[in-house]
Each structure stands twice: as C-alpha cells, then as structure tokens.
Amino acid sequence: MSTPQEPGTVAGTVAGTVAILGRPNVGKSTLLNALVGEKLAIVTPKPQTTRNRIVGVWNGPAGQIVFVDTPGVHGSSKALNRFMVQEALGTIESVDAALLVVDAGDRRPGNEERQILRELQAAKCPTVLAVNKVDKVKDKSALLPLLADWEQTAKFAALVPISALKAKNLEPLVRELAKLLPEGPPLYGPEMLTDRTERFLAAELIREQLFLLTRQELPYAVAVDIESWEERAKQDGTNDVVIEATILVERDSQKAIAVGKGGAMIKEVGTKARAGITELLGRPAHLKLQVKVDPEWTTSPAALARLGYRP
Ligand code: GDP
Ligand code: MG
C-alpha cells in the first residue's frame with residue numbers, strides 16, 4: 001500500500017498533534033494505519049472496535065504529525081461506553097488540530113457529528129473534514145454536492161475526499177493538516193511509531209480476532225488481559241516470545257461461544273492472532289489463551305482500570 005509516510009525522516013518544520021474523530025465505523029482506525037503505514041489500530045466491520053486512544057506518528061517532508069485515533073462517539077450510558085466517548089472527546093483539549101472523519105454515504109451530519117463539532121468549536125480547535133470511503137461512491141459527481149452540504153454545517157479549514165482503505169488522496173489531507181500545526185522540533189524520535197506497548201498491541205490483535213470471528217453480543221463483552229510475556233533467546237541466536245493471555249467475558253454463555261465447540265473457536269482465534277502478533281513483533285510469537293468469566297468487568301471501575309480502560 002502506498003502511503004505518504006517516509007520512514008526515518010524527521011526533517012520538516014511542523015510538529016503537532018491531530019485527533020482523528022468521528023462516529024463509530026467511518027474508518028478512523030483504517031486511516032491511522034494507512035497514514036502511519038503500520039497496523040497499529042485494529043479494524044473490523046463492527047462499530048465500537050476501538051476502545052482506547054492510540055497514537056500513530058507520521059514523519060514526512062512537512063515535519064511530524066502525531067495522530068491520535070479515538071473510539072467512535074456514540075450515545076450510551078454503560079461504564080465502558082462512557083469511558084470510550086470520554087477518550088474521544090477528551091482528546092480535543094490536548095491537540096493542535098482535529099480531523100473529523102465522515103462516511104461518503106452519509107448525506108447529513110448525525111447527532112454524533114453535531115456533538116463532536118460543538119466540542120471542537122468550544123475548544124476553538126481547527127478542523128479538517130475527511131469524507132472517507134469515496135471508493136464506494138460509483139458516481140463521483142455526487143461528491144461535489146455532498147462536500148457543499150458539509151461545508152454548510154461548520155467552518156472547516158479544508159474538506160478532503162479520501163479512501164483510507166485504498167490509501168487514496170492522503171497526501172492532500174496531510175498537507176492541509178500540516179498547515180494547522182505549529183512549527184517546532186519533532187515530538188517523537190524517528191523510530192517511534194506509537195505510544196502503545198507491544199503488550200497492548202498484542203492484546204488488541206487477539207481482541208480483533210474475537211470481533212471478527214464471533215457474532216452477536218460477544219465482541220462487546222470481551223476484554224483481553226495479557227498475563228505473562230516471556231522473551232526467549234533460542235540456540236540459533238534468534239528470539240521468540242511466549243504470551244499468556246486471558247479473554248474475559250461477562251457470562252457463561254459467552255464463554256461457551258468464545259471457547260467454541262471442542263475448543264474450535266479459541267483455537268482459530270489463537271492461530272490468527274498469533275500470525276498477526278508475529279508480524280507485528282517481527283519475531284515468532286506463541287500464544288496461550290484461556291477464557292474466564294468476570295460478570296463485572298464492563299461495570300467495575302477497578303476491573304476497567306486494570307484492563308487499561310481508565311476513567
Ligand atoms: P472506525 O470505527 O472509525 O475506526 O472504523 P474502522 O477503521 O474500524 O473501519 C470500519 C469498517 O470500514 C471496516 O470494515 C473497514 O475496512 C471499512 N473501511 C474503512 N475505510 C474504508 C474506505 O476508505 N473504503 C471502504 N470501502 N471501507 C472502509
Ligand atoms: Mg476504530
């Protein structure tokens with residue numbers, strides 16, 4: 001995939017942070033990955049996949065842009081959901097600019113976009129609108145009235161049609177964002193792509209497979225806790241890593257789904273997640289997964305904090 005990222009170059013003049021905001025499923029995490037050229041944020045066809053802020057660092061001729069992917073903004077009162085919306089909207093205070101991502105299939109701003117735009121306005125945060133998924137729009141002439149409609153709804157610094165999935169039109173998007181950022185030395189060293197640990201990213205890759213492979217309510221009832229992480233130096237001078245992880249669910253019935261018939265589900269989750277983790281780490285990973293029922297994990301503040309969903 002071609003991306004505007006130029007690895008290892010931190011030579012430009014601007015340096016700043018940009019929050020990627022939008023309702024669930026518009027392609028925020030896909031965009032972060034496309035910009036950075038690495039899979040940092042997990043992506044599934046299901047809403048509310050992303051639960052935490054994830055930083056991805058873009059380095060290029062213009063300088064350095066630190067993108068912050070956020071959970072989708074949606075209305076819901078459950079403790080975990082409140083945390084997710086707070087993770088997203090709370091980001092606004094601490095960034096230099098925002099990128100509001102919308103779906104090219106959406107004609108008008110919904111309640112979520114309105115709420116985000118209100119918060120951005122209150123914080124006087126300069127905002128670029130990215131109209132994503134234009135690859136799905138057959139008749140490209142339909143994009144002009146759509147962009148005109150969006151232009152009416154708020155004062156955007158720029159409106160850019162893109163396809164995060166196909167990495168289309170990302171250069172102009174980055175250029176428009178760079179205009180909004182202060183000049184200064186890079187915030188992260190050239191080797192830093194994210195603020196997240198390998199442990200966090202590995203847990204996310206396991207959670208991604210649970211989202212992709214199971215149906216109904218299960219994805220929203222799971223959390224992944226890395227119990228142990230053992231780096232092993234092998235005889236031939238290479239390293240591998242043994243990871244023990246617990247998949248938490250809320251009910252026995254969900255445990256049955258996560259384990260699957262004769263353990264088939266947990267096995268498939270393990271095989272696929274292991275492949276992703278091995279690619280991420282650049283060294284072989286071995287996964288030991290178990291499933292545990294914890295009825296309180298989405299509601300208990302202590303459990304949420306331990307899992308990294310701190311209020
Ligand atoms: P998020 O919830 O906003 O982070 O959205 P994701 O990045 O998880 O993407 C949600 C779904 O939209 C996934 O199935 C993606 O593959 C899909 N998607 C994201 N960007 C594009 C795009 O540019 N074009 C198309 N056709 N699909 C996309
Ligand atoms: Mg996401």
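Numbering of ligands and ligand atoms starts at 1, following listing order. Not measured: the values here are computed from a predicted model.
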Determine whether a donor-acceptor pair (N or O, by modelled atom type, separation under 3.5 Å) exists between the side chain of Trp150 and the backbone of Ala130. no
Mind checking whether Leu89 and Ile116 have side chains closer than 4.5 Å, heavy atoms only? yes
Has ligand 1 got any nitrogen or oxygen that is less than 3.5 angstrom from a nitrogen or oxygen of Ile162? no
I'd like to know if the Mg ion (ligand 2) has an N/O/S atom from Thr70 within less than 2.8 Å of it, counting both backbone and side-chain atoms. no
Ligand 1 to Lys28, heavy atom cutoff 4.0 Å, flagged ligand atoms 1 (P), 2 (O), 3 (O), 4 (O), 5 (O), 7 (O)
Which residue and heavy atom of the protein sit nearest atom 13 (C) of ligand 1, plus the separation: Thr44 O, 3.5 Å
Sidechain-backbone polar pair: Glu231 side chain, Asn239 backbone, donor-acceptor under 3.5 Å: no
Which of these, Arg199, Lys292, Arg306, sits in a salt bridge (charged side-chain N to carboxylate O under 4.0 Å, His left out) with Asp225? Arg306
Nearest protein heavy atom to atom 24 (N) of ligand 1, by residue and atom, and its distance? Asp135 OD1, 2.7 Å
Does Thr30, backbone or side chain, put an N or O under 3.5 Å from an N or O of ligand 1? yes
Between Arg232 and Asp240, is there a salt bridge with N-O shorter than 4.0 Å? yes
Below 4.5 Å, heavy atoms only, C-beta onward: do Ser29 and Leu40 meet side chain to side chain? no
Please identify which atoms of ligand 1 are closer than 4.0 Å to at least one heavy atom of Ser29. 4 (O), 7 (O)
Please report whether ligand 1 has a polar contact with Ile42, defined as an N or O pair separated by less than 3.5 Å (distance criterion only). no
Quick check: does Lys133 get an N/O under 3.5 Å from an N/O on ligand 1? yes
Restricting to N/O/S atoms, is Thr30 within less than 2.8 Å of the Mg ion (ligand 2) or not? no
Close N or O approach (Pro24, ligand 1; < 3.5 Å): no
Are Phe156 and Leu100 packed together at the side-chain level, in the sense that at least one heavy-atom pair is separated by less than 4.5 angstrom? yes
Can you find an N/O atom of Ala164 closer than 3.5 Å to an N/O atom of ligand 1? yes
Does any non-hydrogen side-chain atom of Asp69 lie less than 4.5 Å from one of Leu31? no
Report yes if some N/O of Lys166 lies less than 3.5 Å from some N/O of ligand 1; otherwise report no. no
What atoms in ligand 1 come closer than 4.0 Å to a heavy atom of Lys136? 26 (N)
Residue and atom name of the nearest protein heavy atom (relative to atom 22 (C) of ligand 1), distance in Å to one decimal: Leu165 CB, 3.3 Å
Can you confirm whether Thr299 sits close enough to Glu250 that some side-chain heavy atom of one is under 4.5 Å from a side-chain heavy atom of the other? no
Contact atoms of ligand 1, heavy-atom distance to Pro45 under 4.0 Å: 14 (O)
Atom pair CZ (Arg23) and CZ (Arg114), whose distance is rounded to the nearest 0.5 Å: 13.0 Å
